[in-house]
Chemist: 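Structure below; questions to follow.
Ligands are counted one by one from 1 in listed order, and the atoms in each one are counted from 1 as well. No experiment lies behind these values; they were computed from the predicted model shown. Numbering starts at 1 and runs along the sequence shown.
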Amino acid sequence: MFLTHLECTACGQRREWKRLQNLCTACGKPLFAIYDLERVRKLECKMHSSLQGREKSLWRWRELLPLPKDVEPVSLGEGGTPLLSAKRLGREVEVDLWVKDESVNPTQSFKARGMSVAVSMAKYLGAEKLAVPSAGNAGGAMAAYAARAGLEAHVFMPCDTPRANIVECRELGAHVTLIDGLITDCGAEIAKRKETEGWFDVSTLKEPYRIEGKKTLGYEIAEQLDWKLPDVVLYPTGGGTGLIGMWKAFDEMEKLGWIKPPSQSASPARTSGVPGSKRPRMFSVQASGCAPIVRAFEAGEKFAAEFPNAHTSASGLRVPKAIGDFLMLHILRESKGGAIAVDDDEMIRAVREVGSKEGLFVAPEGAACFVALKKLRTTGQIESGESVVIFNTGSGIKYLDCFQERA
Ligand SMILES: Cc1ncc(COP(=O)(O)O)c(C=O)c1O
Ligand SMILES: [Zn+2]
């Protein structure tokens with residue numbers, strides 16, 4: 001294994017990885033897993049050239065994930081999802097459009113990636129009972145991986161979470177508590193009770209390994225695009241683990257020599273032999289009824305204030321306050337991307353447009369990115385001919401309640 005330690009994303013303090021832990025005890029911010037990438041680079045020289053013969057799941061990136069080599073991961077075959085060319089929709093807005101279809105993951109969303117890695121590590125480090133606040137899909141994924149690992153699962157969700165998510169969690173054997181409030185209220189309830197109940201909290205970014213699973217999105221799109229990253233990434237943003245995870249993957253890929261650092265992209269001579277490209281401009285897509293990152297981005301803030309009266313039927317985007325806000329805002333600015341809000345009725349209409357034109361029944365969160373793409377083309381923030389990757393983070397099948405009136 002190449003994991004060496006954990007490091008705080010804000011104060012930089014180092015932590016031992018060999019025990020269960022949540023946030024930095026010095027400053028309360030998220031911890032990142034740090035690897036000896038120099039060793040990976042030396043020992044696994046051109047590891048990516050040996051990838052072809054490996055399993056399809058995200059565990060193909062084993063050297064870049066935690067968990068000792070001889071420990072079997074808790075896996076349901078997550079990751080390795082298709083990157084589909086969306087020619088019809090792409091042609092309409094004159095971009096080279098790709099959809100990373102995460103709806104084909106176990107439990108039908110990208111949350112499976114984070115939970116496979118987090119539950120594997122929690123089990124290895126001795127956790128017996130896991131708890132998570134969820135907008136829906138994370139709860140389903142946690143329930144599945146906890147069941148697979150033989151651990152107890154406690155899922156806290158808002159009462160108005162899509163019914164499919166609630167049923168799924170129960171049928172996967174989780175203890176489900178519905179809270180009259182938002183995901184932040186669910187998180188507060190767990191924080192209050194976890195000590196006495198003996199729960200390990202696997203909330204977004206409050207433990208260090210869900211993000212490790214999510215970062216494989218970055219490795220996969222690089223591999224699928226032949227180690228040339230797209231010009232633009234559109235990511236439906238709640239807590240932001242995928243966005244933050246992908247940026248971490250790009251950092252790691254640069255250190256591994258798999259892609260060029262931005263400062264070198266204009267200097268082919270210095271990078272000869274490196275098959276990479278410059279990094280994408282990253283855009284956060286949120287719902288107009290809950291857009292804390294968009295507001296903070298536009299206001300030039302470093303942190304995002306809690307969004308009042310949060311509401312949207314894209315339940316995964318109903319996150320009024322995210323602990324990784326400062327990380328997301330930094331990435332959006334560093335990448336010269338941005339943040340954009342989309343109305344609920346626009347995203348629900350876009351589900352049918354994407355479905356009928358590309359054959360994908362996308363989640364409203366994924367649909368929001370297609371609306372954002374059109375808006376960003378209109379404003380000129382995305383130019384004609386650019387390559388764009390949209391993340392369809394889940395399946396429309398979990399959101400049937402949203403479509404009833406349009407039957
Ligand atoms: C389908 C879907 N898309 C997007 C998100 C937001 O993901 P993140 O928390 O990584 O920003 C969620 C989170 O619940 C989700 O379920
Ligand atoms: Zn710290």
Chemist: Between T312 and R318, is any side-chain donor less than 3.5 angstrom from a side-chain acceptor?
Modeler: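 Short answer, no.
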Chemist: In terms of residue, atom name and distance, what is the protein heavy atom nearest to atom 14 (O) of ligand 1?
Modeler: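 The answer is K111 CE, 3.1 Å.
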Chemist: Search all heavy atoms of E358 against all heavy atoms of S85 and return the closest pair with its distance.
Modeler: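 Looks like OE1-O, 4.3 Å.
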Chemist: Establish, yes or no, whether the cationic atom of K194 lies under 6.0 Å from the six-membered ring centre of F200 and within 45° of the ring axis.
Modeler: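 K194 over F200 ring: no.
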Chemist: Can you confirm, on distance only, whether ligand 1 has an N/O atom lying under 3.5 Å from any N/O atom belonging to Y235?
Modeler: yes
Chemist: Which protein non-hydrogen atom lies closest to atom 16 (O) of ligand 1, naming both residue and atom, and how far is it?
Modeler: N137 ND2, 2.8 Å
Chemist: Which bit of F391 is near ligand 1, meaning a heavy atom under 4.0 Å away: side chain, backbone, both or neither?
Modeler: neither
Chemist: Is there at least one pair of N or O atoms, one from T241 and one from ligand 1, spaced under 3.5 Å apart?
Modeler: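 T241 vs ligand 1: N/O contact under 3.5 Å present.
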Chemist: Can K214 be said to sit on top of F110's aromatic six-ring, NZ or CZ under 6.0 Å from centre and within 45° of the ring axis?
Modeler: yes
Chemist: Strictly under 2.8 Å, how many protein N, O or S atoms lie near the Zn ion (ligand 2)? Waters don't count.
Modeler: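 Considering protein N, O and S only, the Zn ion (ligand 2) has 4 within range.
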Chemist: Does ligand 1 have any atom that is closer than 4.0 Å to a heavy atom of G136?
Modeler: no
Chemist: K398: heavy atom below 4.0 Å from ligand 1, yes or no?
Modeler: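 No, that is not the case, since the closest heavy atom of the residue is not under 4.0 Å from the ligand.
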Chemist: Could you say whether the N/O atoms of G238 and ligand 1 ever approach to under 3.5 Å?
Modeler: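 Yes, since at least one N or O of G238 sits under 3.5 Å from an N or O of ligand 1.
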Chemist: Could I get the full list of ring-ring contact (aromatic ring centres under 6.0 Å, His included) partners for F361, not counting sequence neighbours?
Modeler: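 Here the qualifying residues are F403.
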Chemist: Report yes if some N/O of G239 lies less than 3.5 Å from some N/O of ligand 1; otherwise report no.
Modeler: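 There is such a contact, yes.
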Chemist: Can you name the nearest heavy-atom pair linking E386 to R281, along with the distance?
Modeler: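 Smallest heavy-atom distance, with atoms named: OE1-NH2, 2.8 Å.
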Chemist: Would the F303 and F326 ring centres measure less than 6.0 Å apart?
Modeler: yes
Chemist: At what distance is the nearest protein heavy atom to atom 8 (P) of ligand 1, and which residue and atom is it?
Modeler: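 Looking only at protein heavy atoms, the one closest to atom 8 (P) of ligand 1 is G240 N, 3.3 Å.
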Chemist: What do you reckon, does A138 put a non-hydrogen atom under 4.0 Å from ligand 1?
Modeler: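 Flag not set, A138 not near ligand 1.
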Chemist: What I want to check is whether the side chains of K111 and S109 have a donor and an acceptor closer together than 3.5 Å.
Modeler: no
Chemist: Got the closest protein heavy atom to atom 7 (O) of ligand 1, with its distance?
Modeler: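 In this structure, atom 7 (O) of ligand 1 has F110 CZ, 3.2 Å as its nearest protein heavy atom.
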Chemist: Check each atom of ligand 1 against the heavy atoms of G242 and keep those under 4.0 Å away; list them by number with element.
Modeler: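 Going through ligand 1 atom by atom, the ones under 4.0 Å from G242 are 10 (O).
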Chemist: Do Y235 and W247 have their ring centres less than 6.0 Å from each other?
Modeler: no
Chemist: May I ask you to check if R41 and W258 form a cation-pi contact, with NZ or CZ under 6.0 angstrom from the six-membered ring centre and within 45° of the axis?
Modeler: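 The answer is no, since R41 fails at least one limit relative to W258.
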Chemist: Is the distance between the ring centroids of W17 and H5 less than 6.0 Å?
Modeler: no
Chemist: Below 4.0 Å from any atom of ligand 1, is there a heavy atom belonging to T237?
Modeler: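 A heavy atom of T237 does come that close to ligand 1.
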Chemist: Where is the tightest heavy-atom contact between L130 and A146, given as atom of each residue plus distance?
Modeler: CD1-CB, 4.3 Å
Chemist: Find all atoms of ligand 1 within a distance of less than 4.0 Å from any non-hydrogen atom belonging to P236, and give their numbers and elements.
Modeler: 4 (C), 6 (C), 11 (O)
Chemist: Of the protein's non-hydrogen atoms, which lies at the shortest distance from atom 2 (C) of ligand 1, and what is that distance?
Modeler: T393 OG1, 3.3 Å
